[in-house]
Number of protein chains: 2
Amino acid sequence: MPAFQNAFESHDHAHCADDVLARVRVIVQKNKLRLTPVRQRTLEILLESHKALGAYEVLERLAAEGFGHQPPVAYRALDYLVEQGLAHRIRRLNGFAACMYPGADHEPAFLICKSCDKVAETKGSAFDPALNQAAKTHGFHIERSNIEAMGECASCKGVL
Amino acid sequence: MPAFQNAFESHDHAHCADDVLARVRVIVQKNKLRLTPVRQRTLEILLESHKALGAYEVLERLAAEGFGHQPPVAYRALDYLVEQGLAHRIRRLNGFAACMYPGADHEPAFLICKSCDKVAETKGSAFDPALNQAAKTHGFHIERSNIEAMGECASCKGVL
DNA sequence: GGTCGTTATGTTATGATATAACCCTTTAAA
DNA sequence: TTTAAAGGGTTATATCATAACATAACGACC
Ligand SMILES: [Zn+2]
Ligand SMILES: [Zn+2]
Ligand SMILES: [Zn+2]
Ligand SMILES: [Zn+2]
């Protein structure tokens, strides 16, 4: 288990990203995933920063590197990563972010800084208890939940 | 306080919607809101069902009733309702739903049935404790949070 | 009531996001 | 080595959202 990295603070991000990639490689082996060149590069691009990227931003990068130039190229790679739990979709930003806890079987939740646009993923493992309670009351079976919190990170708050 | 209505079960929805509208009227008075004809109709349209509506679906309805025919007409009315807390945006569905607890100062959370597309809003009042904890760890100040849970309602599960 | 800044509502045009449908290539299984 | 399934490229189009501008209604004030 890696040391906790605060996405909002400056840190050795190369190490931070490599660490995720190392865990991804294990999962790829274990689950016999086909992490093809486009998919691999897409994941690496997402891992370059703690910001969520739009599909078209990813596409630009891929195209510049010799992959296809059309939207489905990016969407397919991104969708695959999301399906495999290696990336998450951040609806509020119409964007995608690499999963920081691949293989950890968690309900993703995100802290999104409105000032610097960085995104931190939290590794909660279960659903919000209040949500669970509500589901029970409604007779509803939750399969997936998405939590996106908007606010401001400490670094940005300090600057203001 | 109105009786709890399970959005997924059949119920006296006319009463359910009227009840919300009654509470909206109080808020409009109290906060001196300008619930103009387009805005009022937009809210009523959202209240017709427990499904989230896309902006263009709302627009179609408004246009048919003599209001403007262009997207900004719908988006402006919807954005206003959201700003005033009378409606919520459901990012996962690219849609909007009337707030079922107007004036109740709550962090909205939604249960979305993948089969019948109905949406139930829960009246949790505070942030997810795990999310709060994560925010604390990250030195992050949460302003708003959105919780959207996908799954299946009891009615639909029974049918399958 | 008339003046005037603010808010509201309509328009046209465009931007941004996402998917459908098709074709050929690669992969891995029989 | 044949063959079905998955991948990756294309063109075209669907869907969602906003920018920019013009006119009309409102409301505070004199
Ligand atoms: Zn990092
Ligand atoms: Zn920040
Ligand atoms: Zn109802
Ligand atoms: Zn249902």
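Everything quoted here is computed from the prediction, not taken from an experiment. We name chains A, B, ... by the order of the sequence lines, and we start the count at 1 in each one.
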Atom [atom1] of [X]: over 12 foreign heavy atoms under 6.0 Å:
X: B:H15; atom1: NE2; value: no
X: B:D12; atom1: CG; value: yes
X: A:E143; atom1: CD; value: yes
X: B:E57; atom1: CD; value: yes

Have a look at the helix from C:dG1-D:dC30 to C:dA30-D:dT1 and give the angle its two end axes make, five pairs each, rounded to 10 degrees.
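The end axes of the helix from C:dG1-D:dC30 to C:dA30-D:dT1 are about 40° apart, to the nearest 10°.
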
Distance only, no hydrogens: is a donor on one side chain within 3.5 Å (strictly under) of an acceptor on the other, for A:R92 and B:N146?
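Result is yes, a qualifying pair exists.
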
Between [N] atom [atom2] and [X] atom [atom1], what is the distance in whole Å?
X: B:D79; N: D:dC16; atom1: CG; atom2: P; value: 15 Å
X: B:K32; N: D:dG27; atom1: NZ; atom2: C1'; value: 13 Å
X: B:L33; N: C:dT7; atom1: CG; atom2: C1'; value: 14 Å
X: B:Y80; N: C:dT6; atom1: OH; atom2: C1'; value: 14 Å

Run B:E148 and B:R91 through salt bridge (Lys or Arg N to Asp or Glu O under 4.0 Å) and show every step you take.
CA-CA 8 Å; B:E148 299 176 3; B:R91 316 292 312 200; over 6 Å; no

Between B:H88 and B:F110, is the ring centre distance below 6.0 Å?
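B:H88 vs B:F110: aromatic centres under 6.0 Å.
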
Please work out which residues in residues 83-94 of chain B have a non-hydrogen atom less than 4.0 Å from an atom of DNA chain D and list them by number.
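Nucleic-acid contacts, sorted: B:R89, B:N94.
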
Using a cut-off of strictly less than 4.0 Å between a heavy atom of the residue and any atom of DNA chain D, enumerate the qualifying residues of residues 59-78 of chain B by number.
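Nucleic-acid contacts, sorted: B:P71, B:P72, B:Y75.
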
Please verify the inter-ring angle class for B:Y101 with B:H106; under 30° counts as parallel, over 60° as perpendicular, anything in between as tilted.
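Geometry flag for B:H106 against B:Y101: perpendicular rings.
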
When the ring planes of B:Y56 and B:Y75 are compared, do they come out parallel, tilted or perpendicular, using 30° and 60° as the limits?
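Rings of B:Y56 and B:Y75: perpendicular, over 60°.
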
A:N31 side chain to A:L33 backbone, donor-acceptor under 3.5 Å
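Answer holds: no.
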
Please state whether the base of C:dA18 and the side chain of A:Y56 form at least one donor-acceptor pair under 3.5 Å?
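Answer is yes: a donor-acceptor pair is held.
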
Both B:R34 and B:A55 contact DNA chain D. Which one's nearest nucleotide lies toward the 5' end?
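Taking each residue's closest nucleotide, the earlier one in sequence belongs to B:A55.
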
Report the distance from atom CG of B:L81 to atom CG of B:L86, rounding to the nearest 0.5 Å.
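Reported value, rounded in 0.5 Å steps: 5.5 Å.
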
